[in-house]
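Whatever order the structure lists them in is the order used to number ligands and atoms, beginning at 1. These figures come from a predicted structure and were not determined experimentally.
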Amino acid sequence: MNDRVFTSSLYERVRRVIPKAEWMSFEDDVNSILELKRRRNAVILAHNYQTPEIFHGVADIVGDSLALARKAIEVEADVIVLAGVHFMAETAKLLNPEKTVLIPDMGAGCSLADSITPQDVALLREAHPGVPIITYVNTSAAVKAASDICCTSGNAKQVVESLGVPRVLMIPDEYLARNVARETNVEVLAWHGHCEVHELFNAADVRQLRENYPGVTVLAHPECPPDVVAEADFAGSTAVMSDFVGQQQPARVVLLTECSMSDNIAVHHPNVEFIRPCNLCPHMKRITLANIRTALEENCHEVTIDAAVAAPARRAVERMLAV
Ligand code: SF4
């Protein structure tokens with residue numbers, strides 16, 4: 001199959017969410033990336049918040065942070081390109097120390113990861129002696145290294161309850177911690193970090209959506225404020241939201257999370273109407289086909305982690321994966 005025929009068949013997958021003229025402007029980069037992947041024995045891991053031309057056009061493995069971390073262990077390639085933000089690339093590197101891990105833009109950060117430092121974690125330990133520290137994966141490797149165990153939005157409650165203690169610290173996402181606290185008898189102490197995308201949703205928006213779109217099913221990400229989660233029909237990680245839509249096939253749904261998520265799953269569910277209040281993650285949107293291509297062509301923006309940090313950080317991630 002020649003490349004033009006192949007990219008046309010790829011287009012069939014995304015035609016409901018990408019206009020043809022726009023897709024044509026992507027074809028050259030898509031073809032080049034597919035060829036570079038073959039030549040360099042590379043795979044692309046893409047988060048659910050990546051744009052559809054990346055998610056459906058060039059990615060080999062897609063998912064939420066938990067799925068990407070799990071699948072990163074199984075990758076058989078020399079090079080991993082992480083189409084996502086920096087902490088995700090660090091996690092991939094922690095789990096694949098021998099492989100080259102590239103991120104197309106080193107500036108792809110995260111407001112949650114920026115909200116806490118290893119020094120903050122040390123102060124928390126001093127203030128709460130003996131209380132285990134559970135760290136959301138949306139943090140730097142250095143913060144993970146200072147923690148006891150990691151969690152994602154998909155397994156946070158499970159991780160909290162796996163420790164068998166009456167009280168835990170969950171950092172850095174205040175809302176995730178408070179949302180998990182509502183579901184467990186374990187006391188959950190929080191830090192004050194927020195996701196700059198999910199904190200924009202509020203409970204009044206949810207009520208307005210229900211008024212404007214009668215019958216709509218509202219799904220919220222647990223990084224949303226607790227009053228938003230309380231107003232929603234269901235809350236869960238992006239993977240759980242995707243499964244919910246697949247299994248329940250609601251006639252009309254709104255996903256209170258990053259914009260591209262709806263585009264990416266709408267591709268698979270032509271009978272579901274997606275209402276799209278749009279909050280973009282500026283960090284995720286720094287990743288483009290053009291800079292993925294450049295990363296592979298020039299082997300640039302390699303992610304490295306100091307060995308003294310990598311060992312304890314890997315332990316915290318692996319402890320989570322074992323739960
Ligand atoms: S969506 Fe929020 S949590 Fe995810 S990378 Fe962007 S700022 Fe960080």
Side-chain angles (χ1 to χ4, degrees), residues 45-52 54-55 59 62-69 72 81-93 103-117 134-144 147 150-156 170-180 190-202 205 219-226 228-229 235-242 254-265 276-288 291 301 303 317 320:
L45 272 55
H47 188 264
N48 288 331
Y49 296 160
Q50 291 297 297
T51 48
I54 295 173
F55 191 90
V62 295
D64 63 359
S65 305
L66 180 59
L68 293 184
V81 179
L82 203 301
V85 296
H86 192 261
F87 74 81
M88 295 174 180
E90 279 193 330
T91 305
K93 181 67 183 177
I103 184 160
D105 185 327
M106 275 288 180
C110 169
S111 64
L112 278 170
D114 289 345
S115 74
I116 192 159
T117 65
I134 303 174
T135 293
Y136 193 24
V137 285
N138 298 32
T139 46
S140 67
V143 165
K144 290 184 179 77
S147 314
C150 288
C151 75
T152 69
S153 57
N155 65 14
M170 181 179 275
I171 59 170
D173 188 348
E174 178 192 352
Y175 296 148
L176 177 66
R178 285 172 50 196
N179 285 320
V180 171
W191 181 249
H192 50 70
H194 295 150
C195 162
E196 67 187 84
V197 175
H198 293 95
E199 72 175 349
L200 297 178
F201 295 107
N202 62 57
D205 290 341
L219 308 187
H221 193 280
E223 288 170 15
C224 291
V228 171
V229 170
S237 66
T238 53
V240 171
M241 284 186 190
S242 176
V254 59
L255 310 183
L256 300 180
T257 189
E258 212 270 353
C259 284
S260 293
M261 175 76 193
S262 294
D263 289 340
N264 288 332
I265 66 170
R276 302 174 202 213
C278 204
N279 289 343
L280 277 175
C281 174
H283 311 289
M284 288 282 180
K285 268 38 197 187
R286 292 179 83 117
I287 309 302
T288 62
N291 59 22
H301 313 307
V303 175
V317 174
M320 166 189 82

Pairing residues for S115 by the side chain to side chain donor-acceptor pair (under 3.5 Å) criterion, not counting sequence neighbours: none

Roughly how far, to the nearest 0.5 Å, is the CD atom of E258 from the NE2 atom of H198? 8.0 Å

Which atoms form the tightest heavy-atom contact between P222 and G236, and what is the distance? CD-O, 3.2 Å

Derivation of the side-chain contact (heavy atoms from CB on, under 4.5 Å) call for V197 and L280: CA-CA 7 Å; V197 175; L280 277 175; over 6 Å; no

Side chain, backbone, both or neither: the part of E223 lying under 4.0 Å from ligand 1 by heavy atom: side chain

CD of E223 to CG of L256: how many Å apart, nearest 0.5 Å? 12.5 Å

Have a look around atom 8 (Fe) of ligand 1 and list protein N/O/S atoms under 2.8 Å, or say none. C110 SG

OH (Y175) and CG (L112) are apart, to the nearest 0.5 Å, by 11.0 Å

From T135 atom OG1 to K144 atom NZ, the distance as rounded to the nearest 0.5 Å: 8.5 Å

Of the protein's non-hydrogen atoms, which lies at the shortest distance from atom 4 (Fe) of ligand 1, and what is that distance? Y49 CE1, 4.1 Å

